[in-house]
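All remarks here apply to the structure that follows.
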Amino acid sequence: MAPFDPYHKWLGIPPDQQPVSHYRLLGIENFEFDADVIEIAAERQTLLLRTFQTGPNSELAERLLNEVSAARVCLLDGKSKARYDTQLRAALEPDPEEDPLAFTSEELAAAP
C-alpha cells in the first residue's frame, strides 16, 4: 500500500506537482500580489487542515499547518516575498541546455 500523501488527499495536489511552492500550497496562482487573496487562501487551507488534527494523521496535519503558516508569513512580508519570488522564478525557468530554441550569448554575438 502506498504511503498516505496529505498534499494529494487533503489539498488535491498530485504527486507530480510536488514539492509544492508556497503559492500551490495555498491554492493560488504563482506570484499573486494581492495580500487579501494570500491571507484568505491561507485561512482557508488552515481551516481545512484543522479538521484533520484529531484524526489518525494528526502529525501530518500539524506539519502541513506549519507549512501553511510559513507560506503566509513569507508571502505577506514584502522583502521575504520578493526573495521567494526571485528563487521561484529561477527554479521555474527552463535550463538553456533543455531549450532547443535558446541561444548562447556567443551564438547571438556571432549572428549576422
query: Would a hydrophobic clustering, with Ile, Leu, Val, Met, Phe, Trp and Tyr connected at side-chain separations under 4.5 Å, put Val37 with Ile40?
result: no
statement: d(Tyr23 OH, Leu88 CG) to nearest 0.5 Å is 7.0 Å
- line: Between the OG atom in Ser58 and the CG atom in Leu49, the distance rounded to the nearest 0.5 Å is 12.5 Å
- prompt: Between CD1 of Ile28 and CD1 of Ile38, what distance do you get to the nearest 0.5 Å?
  reply: 5.0 Å
Listed pairs under 3.5 Å, donor-acceptor, residues 10-17 side chains, sequence neighbours left out:
{"unit_1": "Gln17", "atom_1": "OE1", "unit_2": "Arg24", "atom_2": "NE", "d": "2.9"}
{"unit_1": "Gln17", "atom_1": "OE1", "unit_2": "Arg24", "atom_2": "NH2", "d": "2.7"}

- request: Determine whether Ser21 and Asn30 make a side-chain contact, defined as any pair of heavy atoms from C-beta on separated by less than 4.5 Å.
  value: yes
task: Consider only side-chain heavy atoms of I, L, V, M, F, W and Y, link residues closer than 4.5 Å, and tell whether Leu25 and Phe4 are in one cluster.
output: yes
task: Say whether Val73 and Val20 are linked into one hydrophobic cluster, either directly or through other cluster members, by side-chain heavy-atom distances under 4.5 angstrom.
output: no
- prompt: Ignoring hydrogens and geometry, is there a side-chain-to-backbone donor-acceptor pair from Thr46 to Ala42 under 3.5 Å?
  reply: yes
field: Results of salt bridge (charged side-chain N to carboxylate O under 4.0 Å, His left out) for Arg63 - residues two or more places apart only
entry: Glu67
- request: Only pairs at least two apart or in different chains count here, so list each salt bridge (Lys or Arg N to Asp or Glu O under 4.0 Å) that has a residue in residues 30-51.
  value: Glu39-Arg72, Glu43-Arg72
task: Decide side-chain contact (heavy atoms from CB on, under 4.5 Å) for Phe52 and Asn57; before the verdict, give the C-alpha distance in whole Å, the side-chain angles of both, and the deciding distance to 0.1 Å.
output: CA-CA 7 Å; Phe52 302 110; Asn57 294 303; over 6 Å; no
query: Can you name the residues that form a side chain to side chain donor-acceptor pair (under 3.5 Å) with Asp77, not counting sequence neighbours?
result: Ser80
- request: Test Asp85 against every option in Lys81, Gln87, Arg83 by the side-chain contact (heavy atoms from CB on, under 4.5 Å) rule and name the one that passes.
  value: Lys81
task: Check whether any side-chain heavy atom of Tyr7 lies under 4.5 Å from a side-chain heavy atom of Leu64, and answer yes or no.
output: yes
message: Any heavy-atom pair between the side chains of Phe31 and Leu92 that's under 4.5 Å?
response: yes
- request: Just jot down the side chain to side chain donor-acceptor pair (under 3.5 Å) partners of Asp5, sequence neighbours excluded, or say none.
  value: Gln18
- prompt: Quick one: ring-ring contact (aromatic ring centres under 6.0 Å, His included) partners of Tyr84, sequence neighbours excluded?
  reply: His22
field: Partner set under side chain to side chain donor-acceptor pair (under 3.5 Å) for Gln53, not counting sequence neighbours
entry: Glu62
